[in-house]
Each structure stands twice: as C-alpha cells, then as structure tokens.
Amino acid sequence: MFADELISCLREMYPGGYSHTCRDPFYMLVSTVLSQRTRDEVTIPATKRLFAVYDTPRKMAEADAEDIQALIRDVGFYRVKARRIVEISRIILQDYGGVVPNSMEELLRLPGVGRKTANCVLGYAYEQDVIAVDTHVHRISNRLGLVKTSGPDETEKELEKVVPKDAWKDVNGLMVLFGQSICRPTSPRCEECRLKAICPRIL
DNA sequence: AAAACGGGGGC
DNA sequence: GCCCCAGTTTT
C-alpha cells in the first residue's frame, strides 16, 4: 500500500479531520500534555474544566498546582502533569513573554514536552509541516506495512520519506481517528475496515 | 534499555 | 481482577 493512497482514503473516511476544541498554541500545548497516555474521553472534558478557570499562561503560572490537580483528577499522571503545567506556564511567561515558542528546540526545553507533544503544537497550532508520532501513528503505520520500525523517532523519519509533505500535519489526527474507531490497539475491527482487502494485518 | 508515573475503561 | 492506554523523565 502506498502512503498517498492511505492518506486519501483516510481523508474520505474523516472529511473534517480531527476536530480540535481550540488551536490556540497555549491551549494546544496544555491539552496535549494532558493527553499523554490518557484517552480523549477523559482529557477533553478535563482540559475544558481547567481552561474555564485558568485561560491564560499568566493565570496558569500563578495557580497553585494542587488547585489544578483537583480539576484534572481523572487524568492519568495528573499530579506530575499539574506541576509541569504550572512550570511550563511560568517559563512561557518569563522567558517567552507569554507566547508559546514555535521551534522544536525551544519546546523540548519545557518540562513534560517531548517530540510528540512539540510536534502537535508545531503542526496543529503553528501549521508547520511536521509528523506527530504517537502510539496510534506508530502502530498503524507498522500494521499497514507503511514502515517497519521499532520506535516513534524512527517512525517519524521513515514516514517523512513516504508521506507527501502537504499531508504531514494531518497524519496524526487522521490516524488517531482511525486508531480509535477501526484500527484499534487491541481487537481491531477488521471486518468493518474498508482497507481489509489490501491490509497485510501485521501485528 | 528499562522502570516509573497513574486513573479509567475494556474484557 | 488484570491489562492496556494521544509519552516523558529518570535510573
């Protein structure tokens, strides 16, 4: 299967792409940190509860981490995430004048921000051509035989070779939607998948 | 390279 | 009750 075939197929399946609550860089950064190792059904409501109280880097920076913890108790790793969100906000306020940085190098200096989170901010909020590789993207790319890789960093490099550049920023959202509904981590719904005729079903 | 962080949902 | 999950940091 060729990557551009898969991408156009996924675009037909999910015409609007992934529907983000908000593409503001700070909202994208905080919501993406909250989403780490945690399902959407939990993180989306929790992020909305959080921003209903603290809607700017300044308010978040001045917040008590324990008050933030109380708002996101159902999110995985909520204690460390609450502390990191306060620290991230302080750095953005003090070092970047309240504006989320727009380079990989600067984003990686923020606590709790790795390549996946940084690429979500760069791709979704700043519209840069990057591929955010999470477990969905890594699993689906290998399951479909698009790449043969052992880790997310390697997957990112290999996908950049086979995916048309104008689709890079959409790969994550499309594969997350596909991975949540059809090509799930365990017990994928192959019978209702429109790719079943050409899928090698690796994994 | 492996462990640790962690509550929620599927089975 | 057990296993896995929109990762990142630490050992």
Side-chain angles (χ1 to χ4, degrees), chain A residues 10 13-14 16-51 65-66 68-89 91-92 100-101 104-126 130-144 149-157 159 168-190 192 203:
Chain A
L10 291 176
M13 293 170 66
Y14 310 103
Y18 189 100
S19 180
H20 290 91
T21 305
C22 176
R23 287 185 187 248
D24 169 77
F26 185 65
Y27 192 98
M28 185 61 60
L29 174 56
V30 174
S31 64
T32 304
V33 168
L34 289 180
S35 80
Q36 292 163 4
R37 303 294 291 175
T38 305
R39 290 176 168 78
D40 271 9
E41 313 90 76
V42 176
T43 56
I44 291 173
T47 307
K48 289 179 179 175
R49 291 199 301 274
L50 181 61
F51 274 81
E66 291 187 8
I68 291 183
Q69 287 177 8
L71 288 170
I72 60 170
R73 265 202 206 293
D74 50 346
V75 172
F77 306 111
Y78 71 99
R79 277 181 281 257
V80 60
K81 284 176 182 174
R83 289 194 297 270
R84 286 173 177 168
I85 285 169
V86 173
E87 182 60 21
I88 285 171
S89 301
I91 294 172
I92 289 175
V100 177
M104 173 64 70
E105 184 187 359
E106 291 170 304
L107 287 168
L108 286 180
R109 287 193 214 122
L110 302 173
V113 177
R115 277 196 84 79
K116 186 269 179 181
T117 300
N119 273 335
C120 280
V121 172
L122 295 174
Y124 289 127
Y126 287 121
V130 294
I131 302 178
V133 178
D134 54 35
T135 53
H136 284 305
V137 176
H138 181 65
R139 176 187 70 258
I140 292 168
S141 298
N142 279 280
R143 191 179 273 173
L144 294 177
T149 57
S150 55
D153 290 357
E154 192 185 355
T155 301
E156 185 182 342
K157 284 194 302 183
L159 283 178
W168 286 11
K169 68 170 75 69
D170 296 328
V171 166
N172 176 270
L174 289 171
M175 288 200 185
V176 166
L177 291 171
F178 184 50
Q180 288 174 336
S181 54
I182 307 290
C183 201
R184 303 186 300 175
T186 57
S187 59
R189 294 171 174 161
C190 298
E192 48 187 288
L203 300 185

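Because the structure is a prediction, the values reported are computed rather than measured. Letters A, B, ... mirror the listed sequences (proteins, then strands); counts begin at 1.
Checked against C/dC4, B/dC5, C/dT8, the side chain of A/Arg39 finds its nearest nucleotide in C/dC4. Taking only side-chain atoms of A/Phe77, from C-beta outward, the nucleotide of B/dG7, C/dA6, B/dC5 with the closest atom is B/dC5. Comparing C/dT8, C/dC4, C/dA6 against the side chain of A/Thr186 picks out C/dC4 as the nearest. Comparing atom distances between the A/Val80 side chain and each of C/dA6, B/dG6, C/dG7 picks out B/dG6 as nearest. Here the nucleotide nearest the side chain of A/Ser187, chosen from C/dC5, B/dC11, B/dC5, is B/dC11. Side-chain proximity of A/Arg79 to the nucleotides C/dT9, C/dA6, B/dG6 is greatest for B/dG6.
C/dA6 and B/dC11 are spaced 14 Å apart, taking the P atom of each and rounding to whole Å. Comparing C/dT10 with B/dG6, their P atoms are spaced 13 Å from each other, to the whole Å.
Side-chain contact between A/Thr21 and A/Ser31 is absent, with no heavy-atom pair separated by less than 4.5 Å. Here the side chains of A/Ser181 and A/Glu192 are not in contact, with every heavy-atom distance at 4.5 Å or above. With a 4.5 Å cut-off on side-chain heavy atoms, A/Phe77 and A/Gln36 do not count as touching. The shortest side-chain heavy-atom distance between A/Ser35 and A/Thr47 does not fall under the 4.5 Å cut-off.
Whole-Å rounding puts the A/His136 NE2 to C/dC5 C1' distance at 8 Å. Between the CG atom of A/Leu71 and the C1' atom of B/dG7 there is a distance of 16 Å, given to the nearest Å. Distance A/Arg37 CZ to B/dA3 C1': 13 Å, rounded to the nearest Å. Between A/His138 atom NE2 and C/dG7 atom C1' there is a gap of 13 Å when expressed in whole angstrom units. If you measure from atom CG of A/Asp74 to atom P of B/dC5, you get 20 Å, rounded to the nearest angstrom. As rounded to whole Å, 20 Å separates atom P of C/dC5 from atom CG of A/Leu34. The distance between atom CG of A/Leu29 and atom C1' of C/dT8, rounded to the nearest whole Å, is 14 Å. Distance, A/Asp153 CG to C/dT8 C1': 12 Å, rounded to whole Å.
Distances shown here put a side-chain N or O of A/Thr135 below 4.0 Å from the OP1 or OP2 atom of C/dA6.
Where A/Arg84 and A/Asp40 each meet DNA chain C at their nearest nucleotide, the meeting point lying more 5' is that of A/Asp40. Between A/Glu41 and A/Lys81, the residue anchored nearer the 5' end of DNA chain B, judged by the nucleotide with its closest heavy atom, is A/Lys81.
The stretch residues 110-121 of chain A has no heavy atom under 4.0 angstrom from DNA chain B at all.
In this structure, A/Tyr124 reaches neither bases nor backbone, as no heavy-atom distance under 4.0 Å exists between it and the strands shown.
Heavy-atom contacts from other residues, nucleotides or ligands closer than 6.0 Å to CD of A/Glu154 number more than 12.
Partner A/Tyr18 forms a side-chain hydrogen bond (donor to acceptor under 3.5 Å, both in side chains) with one of A/Asp40, A/Asp170, A/Asn172 and no other, that one being A/Asp40.
Aromatic ring pairs are classed by plane angle as parallel below 30°, tilted from 30° to 60° and perpendicular above 60°; the pair A/His20 and A/Tyr124 is tilted.
Between A/Thr149 and A/Asn142, the shortest heavy-atom contact is N-OD1, 2.8 Å.
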